[in-house]
Number of protein chains: 2
Amino acid sequence: MASAAPRTLADLPTGHPCGGCDARRVALCGVLDCTDLTTLRCLGGTQALTGGHALFHEGDRASQVYNITNGAIRLTKLLPDGRRQVMGFMFPGDFLGITLGDEHAFTAEALGDTLLCRFPRARFDEFVEEHPELERELYRKAAHELAAAQAQMLLLGRKSAAERLASFFLDLAARQQRLTAATSRFVDLPMCRADVADYLGLTKETVSRLLAQLKQQRLLRLETLNQVELLDLPGLTTLAEGGADMLAA
Amino acid sequence: MASAAPRTLADLPTGHPCGGCDARRVALCGVLDCTDLTTLRCLGGTQALTGGHALFHEGDRASQVYNITNGAIRLTKLLPDGRRQVMGFMFPGDFLGITLGDEHAFTAEALGDTLLCRFPRARFDEFVEEHPELERELYRKAAHELAAAQAQMLLLGRKSAAERLASFFLDLAARQQRLTAATSRFVDLPMCRADVADYLGLTKETVSRLLAQLKQQRLLRLETLNQVELLDLPGLTTLAEGGADMLAA
DNA sequence: CGCGTGCTTGACCAATGTCAAGTATGGTGG
DNA sequence: CCACCATACTTGACATTGGTCAAGCACGCG
């Protein structure tokens, strides 16, 4: 998957100055607001990636900072024997690659054709230096990510497979609604089943089977392979919180 | 356990001004250095807790910030049906209760008799306001906690029970060595088996069985029920990283 | 229309959880 | 100081969940 043949990158907009940046989208991440952007957009270039290609690898020197403008990114960690944990998925508006150390703590790969706004790290750091109020924003961002990571620890440590899947869909739905500022029962799945499995600490077969089960319980429906319709939000929520034995139905 | 009869709190030092604070210990946390301390120690009082008692609960208003001076604290999250995930353990020098929202994201309970240095949150926030360089330190602290949480996600999502236990002991050993600035093969376990289990996403029975197995493989030894001697650091490390089938031995 | 990849489903298996004794430990009171 | 008790730990037998391995299916691309 990571070695899919690169397709023509030429037909994706690339290069300086940052043509792919949309101030409203970058603003969504909460780290920088639109005012900052007028300055920051001069710093960056655009980077395009086709599906399966890595933006950087775990252990790489963190020399760039990115903001996704289009597409989606998968963050993964590997064990020496190849077992993989997906640490999260990133969507337009999310910042990526900001780290305290000089090395990236995970690998970032595109889930499909993806556009990013890229900033040299040194210039990003300078920019933060010049705008000390951003320090607070970086802290805020780290604190939010920490809260998300802790929720995921609860999920991985104590939830059943069905509860994990329900939590996942609700989470994706919430993120997509925040992004589009619209409310829809439809959730896009830009990642494959194996990615979902590696995110939830399961296997792709288990994800498939549970999808069938949730479908049969009328909690959701597969519109296409990569789009689900959530049919019963309260039911899914109850299941996700471990509040009921929905499985007996 | 949470309802163990309170023993005499009187025989633990309490009250203002912060008599229990040890500047060197507070400095260990990396958030405040000794210089800050001369100021900050005027702000706080001391709080004592006996084993099993809660410092605060998940969802409580976060009105205080704490620094542990003695003992150990367990941080937990609960699912509605009572399943519990231990989010982490805190030791002397660790800060506790700093959060962006107004509510605590987890419950904090003492593992044994524990002393803390307590600061009203409003005064702590003021203090940070007056010392903007602390903003950076708070960010650093959050980033470290995030890295730890992500390592734990990998553990919970993809490691086997034996790998989890080995990782846990190595982790505890590293923390205790950082705290005491000494290197020792002995690791103290201030928490019970169920706490370890809930931290690692296992059951206390599995923890017990795996302890027996690691013992039999001569990777470690139980000095007492609450202290292990790590006999084979390289072996434990290999096991923790999932690098080998140590189980076949 | 055919092929490849990814998804689903089934049969079986292994790891870990559950339930239930049995045992050790450490604190308490005699 | 010892004996007892409560609690926590260990161990065993068995159940269950989810993983593994192996077809088969279907979607989407060429």
Side-chain angles (χ1 to χ4, degrees), chain A residues 1-5 7-8 50-52 81-85 111-113 155-165 189-216 221-228 242 245-248, chain B residues 1-5 7-8 50-52 74 81-85 111-113 155-165 189-198 200-216 221-228 242 245-248:
Chain A
M1 156 192 329
S3 57
R7 276 177 291 156
T8 47
T50 50
D81 66 356
R83 276 174 288 173
R84 191 181 72 151
Q85 177 69 30
L111 286 173
D113 293 348
L155 179 148
L156 291 169
R158 286 295 173 237
K159 288 189 185 176
S160 74
E163 289 161 4
R164 294 180 198 196
L165 202 60
L189 306 174
M191 70 295 286
C192 69
R193 300 291 187 267
D195 290 337
V196 176
D198 284 350
Y199 182 56
L200 300 177
L202 303 170
T203 60
K204 59 185 193 302
E205 291 93 337
T206 298
V207 169
S208 246
R209 274 188 258 272
L210 285 167
L211 218 38
Q213 193 180 317
L214 297 182
K215 222 159 50 178
Q216 194 211 309
R221 202 174 65 79
L222 277 180
E223 174 71 17
T224 72
L225 274 181
N226 293 300
Q227 189 181 46
V228 293
D245 266 307
M246 306 288 301
L247 303 178
Chain B
M1 156 193 329
S3 57
R7 277 176 292 156
T8 47
T50 51
R74 169 184 70 216
D81 65 357
R83 276 174 288 173
R84 190 181 75 149
Q85 177 69 30
L111 286 173
D113 292 349
L155 178 147
L156 291 170
R158 285 296 174 237
K159 288 189 186 176
S160 73
E163 290 160 4
R164 293 180 200 196
L165 203 59
L189 306 175
M191 69 294 288
C192 68
R193 300 290 187 267
D195 290 338
V196 176
D198 284 349
L200 300 177
L202 302 170
T203 60
K204 59 183 192 303
E205 290 92 338
T206 298
V207 169
S208 246
R209 274 188 259 271
L210 286 167
L211 218 38
Q213 192 181 315
L214 297 182
K215 222 161 48 182
Q216 194 210 311
R221 201 173 67 78
L222 277 180
E223 174 71 18
T224 72
L225 274 182
N226 293 300
Q227 188 182 47
V228 292
D245 266 308
M246 305 290 302
L247 304 177

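What you see is a predicted model, and the numbers here were worked out from it, not measured in a lab. Here is the naming used below: chain letters follow the sequence lines, and residue numbers restart at 1 for every chain.
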Grab the CD-C1' distance between A/Gln216 and C/dT9 for me, whole Å please. 14 Å
Calculate the interatomic distance between B/Gln227 atom CD and D/dC9 atom C1'; express it in whole Å. 17 Å
Length of the CD-P vector between A/Glu163 and D/dT17, whole Å: 12 Å
Once you apply a heavy-atom cut-off of 4.0 Å, does B/Leu222 come out as touching a base, just sugar-phosphate, or nothing? sugar-phosphate
Closest non-hydrogen atom pair, B/Leu225 against B/Leu189: O-CD1, 4.2 Å
Considering every strand and a 4.0 Å limit on heavy-atom distances, what is the contact class for B/Leu189: base, sugar-phosphate, or nothing? nothing
Take nucleotides 18-26 of chain D nucleotide by nucleotide from the 5' end and write B, S or -, depending on whether a protein heavy atom sits under 4.0 Å from the base, only from the sugar-phosphate, or from neither. SSBB-----
For the pair made of CG in A/Asp195 and C1' in C/dG6, what is the distance, rounded to whole Å? 12 Å
If I take atom CG in residue A/Leu211 and atom P in nucleotide C/dG6, what distance separates them, rounded to the nearest angstrom? 17 Å
My understanding is that only residues two or more places apart in sequence, or in another chain, count here; which of them pass side chain to side chain contact (heavy atoms under 4.5 Å, CB included) with B/Leu222? B/Arg193, B/Leu211, B/Lys215, B/Val228
Non-hydrogen atoms of B/Leu210 and B/Ala162 that approach each other most closely: CD1-N, 3.8 Å
Separation of C/dA15 P from B/Leu200 CG (nearest whole Å): 18 Å
Determine to 10° how strongly the helix from C/dC1-D/dG30 to C/dG30-D/dC1 is bent, judged from the axes of its five-pair ends. 40°
Whole-Å gap separating P (C/dT18) and NZ (B/Lys204): 9 Å
Short question: side chain of B/Arg74, backbone of B/Leu111 - any donor-acceptor pair under 3.5 Å? no
A/Leu165 versus A/Gln213: any side-chain heavy-atom pair under 4.5 Å? no
Give the rounded distance in Å between these two atoms: CG of A/Leu225 and C1' of C/dT5. 11 Å
By side chain to side chain contact (heavy atoms under 4.5 Å, CB included), which residues pair with B/Glu223, not counting sequence neighbours? B/Phe186, B/Arg221, B/Gln227
Can you give me every donor-acceptor pair (side chain of residues 198-208 of chain A, partner residue at least two apart or in another chain, under 3.5 Å) with its distance?
unit_1: A/Asp198; atom_1: OD1; unit_2: B/Arg158; atom_2: NH2; d: 2.7
unit_1: A/Asp198; atom_1: OD2; unit_2: A/Arg84; atom_2: NE; d: 2.6
unit_1: A/Asp198; atom_1: OD2; unit_2: A/Arg84; atom_2: NH2; d: 2.9
unit_1: A/Thr203; atom_1: OG1; unit_2: A/Thr206; atom_2: N; d: 3.3
unit_1: A/Thr203; atom_1: OG1; unit_2: A/Thr206; atom_2: OG1; d: 3.1

